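Report on the structure given below.
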There are 2 protein chains.
Amino acid sequence: MESDPPSQPVDELELAVGLARIRTMMRLLDVPRDLSITSLSTLANLERLGPRRLTELAAMEGVTQPAMTQLVSRLEREELAERRPDPSDGRAVVVAVTQHGRAELARRRAVQAKRLAELLAEVPAADRAAIAAALPALERLAARAHGLADSPAPVPEVSE
Amino acid sequence: MESDPPSQPVDELELAVGLARIRTMMRLLDVPRDLSITSLSTLANLERLGPRRLTELAAMEGVTQPAMTQLVSRLEREELAERRPDPSDGRAVVVAVTQHGRAELARRRAVQAKRLAELLAEVPAADRAAIAAALPALERLAARAHGLADSPAPVPEVSE
DNA sequence: TAACTTATATCACCATCTTATGTATATGGT
DNA sequence: ACCATATACATAAGATGGTGATATAAGTTA
């Protein structure tokens with residue numbers, strides 16, 4: 001759907017190395033340890049995309065369905081998310097983030113943002129600019145990996 | 001095209017969100033599951049920085065020392081890394097990546113690079129360019145988080 | 001309605017982390 | 001030189017979060 005000129009200016013191998021380091025960096029920036037990475041990522045997806053089926057969430061996170069069942073149970077126990085029946089399918093469960101879940105996400109992001117700001121302050125201004133410029137592109141890249149990304153209807157979301 | 005020294009043009013909150021998604025993306029791109037994320041990150045650090053003390057590695061990865069002891073034992077069992085005595089300190093252990101470890105790293109990176117290339121092909125060329133342009137900046141940012149980064153002498157490394 | 005598929009849950013097991021603690025080697029004050 | 005303390009790593013026991021196999025209930029198809 002969009003372009004692929006002759007040359008690709010990206011060294012994918014170097015990108016793989018760099019993004020792996022970013023991954024480690026984010027792990028180090030993480031707020032203590034009371035919620036797993038996968039749980040947080042799932043919460044973030046729910047916030048971004050709206051309520052989703054359990055199986056769908058499992059696929060997005062690249063974990064098995066039983067793992068997602070347990071993960072959602074944990075989220076529910078802490079009232080960060082909730083299960084709802086699917087009116088169109090009695091077998092299915094629709095998972096939605098709660099207000100508390102949103103607040104928790106915001107809280108953690110604020111902490112990470114603060115730490116990121118400290119790191120950013122240590123690199124050249126040109127680096128900050130390059131990172132800021134690439135951020136939307138990185139988001140779009142990440143969206144591709146989700147398989148579904150933002151596409152399947154963001155859903156207005158019923159407030160709780 | 002960029003640069004604005006005084007103000008910092010980075011929305012750290014948005015960056016936290018974006019990099020969290022990149023983190024999830026990298027998890028999805030990961031080669032199956034026979035080596036943990038921390039193990040891979042440790043191997044990569046050893047390759048990049050040269051042999052390091054166990055405790056130092058633990059700090060870099062943000063895990064406890066016992067966790068690193070076990071992790072290194074696993075790496076050693078698979079001959080991806082090895083323990084060496086520290087001539088200057090009888091208590092200490094110096095961990096080094098092996099040839100096999102390097103090869104394994106290269107293999108995995110090649111797979112990830114291939115998958116990244118597929119994703120990159122789906123985004124606009126301008127996005128690829130922006131990402132390529134930001135990559136060195138991202139590496140430098142990640143280096144900051146390591147605490148030690150590339151600074152403490154890259155060490156020539158004795159070949160095995 | 002029987003046979004099959006699909007969505008989720010449950011179970012037993014495994015990997016990897018944590019905290020608490022043990023052991024050996026350094027190091028510093030006397 | 002010696003004892004007290006600190007440091008580097010190892011070990012043990014428990015928690016957490018994943019996996020594969022399988023159960024259950026609800027849709028789907030013929």
Side-chain angles (χ1 to χ4, degrees), chain A residues 23-24 26-46 51-78 80-96 147-148 152, chain B residues 23-24 26-43 45-46 51-78 80-96 148 152:
Chain A
R23 191 182 177 186
T24 298
M26 291 305 286
R27 175 154 46 83
L28 293 174
L29 291 190
D30 240 351
V31 183
R33 303 201 146 275
D34 40 322
L35 219 49
S36 77
I37 310 153
T38 314
S39 297
L40 280 172
S41 177
T42 300
L43 265 191
N45 274 331
L46 287 174
R52 282 291 183 280
R53 289 242 182 120
L54 208 146
T55 307
E56 212 173 330
L57 294 172
M60 286 196 291
E61 296 299 330
V63 300
T64 59
Q65 169 266 310
M68 186 52 67
T69 290
Q70 299 174 65
L71 191 160
V72 169
S73 296
R74 289 194 298 272
L75 290 179
E76 212 169 21
R77 189 165 358 99
E78 309 213 11
L80 299 167
E82 60 183 15
R83 284 179 167 92
R84 299 173 184 172
D86 184 338
S88 71
D89 189 336
R91 301 164 300 175
V93 161
V94 172
V95 184
L148 355 109
Chain B
R23 190 181 178 188
T24 298
M26 290 306 284
R27 176 155 45 84
L28 293 175
L29 290 190
D30 240 352
V31 183
R33 303 199 147 278
D34 38 324
L35 221 48
S36 79
I37 309 153
T38 315
S39 297
L40 280 173
S41 178
T42 301
L43 266 191
N45 274 333
L46 287 174
R52 282 292 181 278
R53 289 241 183 123
L54 207 145
T55 307
E56 211 173 331
L57 294 172
M60 286 197 289
E61 296 298 330
V63 299
T64 60
Q65 170 266 310
M68 187 54 66
T69 290
Q70 298 173 48
L71 191 160
V72 168
S73 296
R74 290 194 298 274
L75 290 179
E76 213 168 21
R77 189 163 0 98
E78 310 213 11
L80 298 168
E82 59 181 18
R83 283 180 168 91
R84 299 173 183 173
D86 184 336
S88 70
D89 188 335
R91 302 164 298 174
V93 159
V94 172
V95 184
L148 354 107

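Below, chain A is the first sequence line, B the second, and so on; all start at residue 1. These numbers come from a predicted model, not from an experiment.
In this structure, Glu76(B) does not pair ionically with Arg74(B), as no charged nitrogen and carboxylate oxygen lie closer than 4.0 Å.
Here the CE-CG distance, from Met60(B) to Leu28(A), works out to 10.5 Å after rounding to the nearest 0.5 Å. Interatomic distance, CD of Gln70(B) versus OG1 of Thr64(B), reported as 7.5 Å (0.5 Å rounding).
Look at CG on Leu54(A): it is 19 Å from P on dT24(D), rounded to the nearest Å. Distance, Leu28(B) CG to dG18(D) P: 13 Å, rounded to whole Å. In this structure, CG of Asp86(A) is placed 13 Å from P of dA9(C), rounded to the nearest angstrom. Atom-to-atom, CZ of Arg83(A) to C1' of dA7(C) comes out at 12 Å; the value is rounded to the nearest Å. Regarding Arg84(A), its CZ atom lies at a distance of 18 Å from the C1' atom of dT8(C), rounded to whole Å. Between the CG atom of Asp30(B) and the P atom of dT19(D) there is a distance of 13 Å, given to the nearest Å.
Side-chain atoms of Ser41(B) never come within 3.5 Å of backbone atoms of Ile37(B) as a donor-acceptor pair (strictly under, hydrogens ignored). In this structure a side-chain-to-backbone donor-acceptor pair under 3.5 Å is missing from Arg84(B) to Val95(B).
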Find every protein N or O atom lying less than 3.5 Å from an N or O atom of nucleotides 2-7 of chain D, and list the pairs.
residue : atom : partner  : partner atom : Å
dT7(D)  : O4'  : Arg91(B) : NH1          : 3.3
dT7(D)  : O2   : Arg91(B) : NH1          : 2.6

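Side-chain contact check for Thr38(A) versus Arg27(B): some heavy-atom pair is nearer than 4.5 Å.
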Notebook entry, point to check: In B/S/- notation, 5' to 3', how is nucleotides 15-21 of chain C contacted by protein heavy atoms closer than 4.0 Å?
Noted result: -SBBBB-

Item checked: side chain to side chain contact (heavy atoms under 4.5 Å, CB included) evaluation trace for Thr42(A) with Met68(A) -> CA-CA 9 Å; Thr42(A) 300; Met68(A) 186 52 67; 3.7 Å; yes

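Residues forming a side chain to side chain contact (heavy atoms under 4.5 Å, CB included) with Glu78(A) (at least two apart in sequence, or on another chain): Leu80(A).
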